[in-house]
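One structure is given below, encoded as structure tokens.
Order of the sequence lines fixes the chain letters, A, B, ..., with proteins taken first and strands second; residue numbering starts at 1 for each chain. Only this structure's heavy atoms are used, side chains among them; waters, hydrogens and symmetry mates stay out.
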Number of protein chains: 2
Amino acid sequence: MTTSRIEPEAPSHRQSASAEILGAALEQFATAGFAGTSLQQIADAAGYSKSSVLYHFTSKEALLEAAIGPAVDRLENVLSGLARLRESSEARELFVEEFIDFLLEYRLEVHTFINQGQSLVGIPGIDRANAVLGGLTSSFAAGLTTVEEKLRFGVALGGAAYELVASMNFGDEEFPHEERRSALITIVSELLAPIQNRQTTA
Amino acid sequence: MTTSRIEPEAPSHRQSASAEILGAALEQFATAGFAGTSLQQIADAAGYSKSSVLYHFTSKEALLEAAIGPAVDRLENVLSGLARLRESSEARELFVEEFIDFLLEYRLEVHTFINQGQSLVGIPGIDRANAVLGGLTSSFAAGLTTVEEKLRFGVALGGAAYELVASMNFGDEEFPHEERRSALITIVSELLAPIQNRQTTA
DNA sequence: ACGCTAACTGTCCGATCGGTCAGAACCTGA
DNA sequence: TCAGGTTCTGACCGATCGGACAGTTAGCGT
């Protein structure tokens, strides 16, 4: 199920130029921000000239879109699966697991459009991501009545996302992947538990 | 020598120029990012010329520092109080309350250096904020042994911060202040509860 | 009325921004 | 060997960036 994120081809030790540039751009966008990253920086980081960057990607915006596009695709899949299985309680469990996996796999992309999603409206990929996230909150929050329940949902998902994002900012020791994954699932599930209890009992 | 830099006076309906510029800058920094905000935009938003902005603040960096400085001061106070009362369990309760209040009061500032703290290293105010936050995590996480406990702490604080920050991004209905405050305190306290239980029982 | 000073602005500067374009270098098949 | 296409780059463009600076305006003590 988990296909490689970047080029499936490129059998040799050297990635394709597009993939190298894309990777460098994504890292810069996530750490320095879209506005704070120049094409020259991306080119330097990737080992190409600025002109080469613009040869492979028609514009800076197109580069951003290509960088976060796959993550948005994956998120859409996760959420469409959620919509189908909305009512069951174990569906929630499954969703939490898939969502955490999504966060773990697309850290940089999530970092990019979580921190700058609002300031980059107009770029198609960003708009799509915002729409998907908006759909998630509304579809999930539709059944939530009290303020605490809504906040609980926001803190759980936002907190999980932010934790992964912040963990690369600070000098946090890097936890083992599997341990971090299961711990996050536990925490988020626990945060969402009162919501599920209410819906299954009431 | 003559007067304070940011006028506490100005009794009329019109704020002092420095305060107007500072407010406009903070809003732009929080929404568009530091790199994504030009002095011209700030000047336009505040109703002054770009030259005036640079008259009141020696540079763009100085403007950022002045904008988030008070928030960092306040955060330092909150955390120094935490250090003094570290061991007691009710001290944790108090800290959560103060921390949430801090987040509520300094939304824009928190938004600014949470999203861009890593990319703005070198600006003194930002470095101070990062140091303070680093001190918080290390002092708090010192007693935490398992990965889950550390993540629990990160999700709680990061989630609360992110929720407030994201609430102005999406079309979230604005909740009543007091209701939101108490709900957040409940949620964060609950997230941190297993940590306290372990420390008081073990 | 005068001069001093704080507040404010227009103009200019070098650097850098995103982006265009003509051509160099390279790889292929014929 | 050579033609054709892909990849890559340096030179260049207008716009905008943060900032410097001289000058204008307004307020105030004398």
- Task: Please identify each residue that fulfils side chain to side chain contact (heavy atoms under 4.5 Å, CB included) with A:Ala35, with sequence neighbours left out.
- Result: none
- Query: Who pairs with A:Ser49 by side chain to side chain contact (heavy atoms under 4.5 Å, CB included), at least two apart in sequence or on another chain?
  - Reply: A:Ser51, A:Ser52
- Message: Rounded to whole Å, please give me the gap between CG in A:Asp44 and P in C:dT16.
- Response: 12 Å
- Distance, rounded to the nearest Å, where B:Ile21 contributes CD1 and C:dA7 contributes C1': 10 Å
- Separation of C:dC13 atom P from B:Leu54 atom CG, nearest Å, is 18 Å
- Task: Evaluate the criterion side-chain contact (heavy atoms from CB on, under 4.5 Å) for residue pair B:Arg181 and B:Glu97; output intermediate values, then yes/no.
- Result: CA-CA 9 Å; B:Arg181 186 185 103 100; B:Glu97 226 170 290; 3.7 Å; yes
- Task: Could you note down all residue pairs passing side chain to side chain donor-acceptor pair (under 3.5 Å) where residues 32-46 of chain A supplies at least one of them, sequence neighbours left out?
- Result: A:Gln40-A:Asp44
- Message: Give me each pair satisfying salt bridge (Lys or Arg N to Asp or Glu O under 4.0 Å) with a member in residues 112-129 of chain B, each pair once, sequence neighbours excluded.
- Response: B:Asp73-B:Arg128, B:Glu76-B:Arg128
- Message: Would B:Val96 and B:Ile100 count as a side-chain contact (heavy atoms from CB on, under 4.5 Å) here? Give the steps.
- Response: CA-CA 6 Å; B:Val96 169; B:Ile100 300 277; 4.2 Å; yes
Distances under 3.5 Å between nitrogen or oxygen atoms of protein and nucleotides 23-27 of chain C:
none

Give me the distances for all protein-to-nucleotides 9-11 of chain D N/O pairs that come in under 3.5 Å?
unit_1 : atom_1 : unit_2  : atom_2 : d
D:dT9  : OP2    : A:Ser49 : N      : 3.0
D:dT9  : OP2    : A:Ser49 : OG     : 3.2
D:dT9  : OP2    : A:Ser52 : OG     : 2.4
D:dT9  : O5'    : A:Ser49 : OG     : 3.4
D:dG10 : N7     : A:Ser51 : OG     : 3.1
D:dG10 : O6     : A:Ser51 : OG     : 2.2

- Can a salt bridge be assigned to the pair A:Glu109 and A:Arg74 using a cut-off of 4.0 Å between side-chain N and carboxylate O? no
- Task: Mind checking side chain to side chain contact (heavy atoms under 4.5 Å, CB included) for A:Ser182 and listing every partner two or more places apart, or none if nothing turns up?
- Result: none
- Could you please spell out the steps behind the side-chain contact (heavy atoms from CB on, under 4.5 Å) verdict for B:Leu22 and B:His56? CA-CA 9 Å; B:Leu22 206 55; B:His56 288 283; over 6 Å; no
- Item | Residues in salt bridge (Lys or Arg N to Asp or Glu O under 4.0 Å) contact with A:Glu65, at least two apart in sequence or another chain | none
- Flag side-chain contact, heavy atom, 4.5 Å: A:Thr186 against B:Leu151: no
- Query: Hey, are A:Arg152 and A:Glu149 close enough for a salt bridge, meaning a charged N less than 4.0 Å from a carboxylate O?
  - Reply: no
- Task: Give, ordered by number, those residues of residues 33-40 of chain B having at least one heavy-atom distance below 4.0 Å to an atom of DNA chain D; if nothing qualifies, reply none.
- Result: B:Thr37, B:Ser38, B:Leu39
- For A:His56 and D:dT7, is the shortest distance between a side-chain N/O and OP1 or OP2 below 4.0 Å? no
- DNA chain C contacts made by residues 57-64 of chain A, counting heavy atoms under 4.0 Å: A:Ser59, A:Lys60
- Query: With A:Tyr55, which residues qualify under ring-ring contact (aromatic ring centres under 6.0 Å, His included), at least two apart?
  - Reply: none
- Message: Let me test you: for the helix from C:dA1-D:dT30 to C:dA30-D:dT1, what is the angle between the axes at its two ends (five pairs each), rounded to 10 degrees?
- Response: 0°
- Nearest non-hydrogen partners of B:Ser18 and B:Phe57, listed with the distance: O-CZ, 3.8 Å
- In short, B:Phe99 meets B:Val78 closest at the heavy-atom pair N-CG1, 4.4 Å
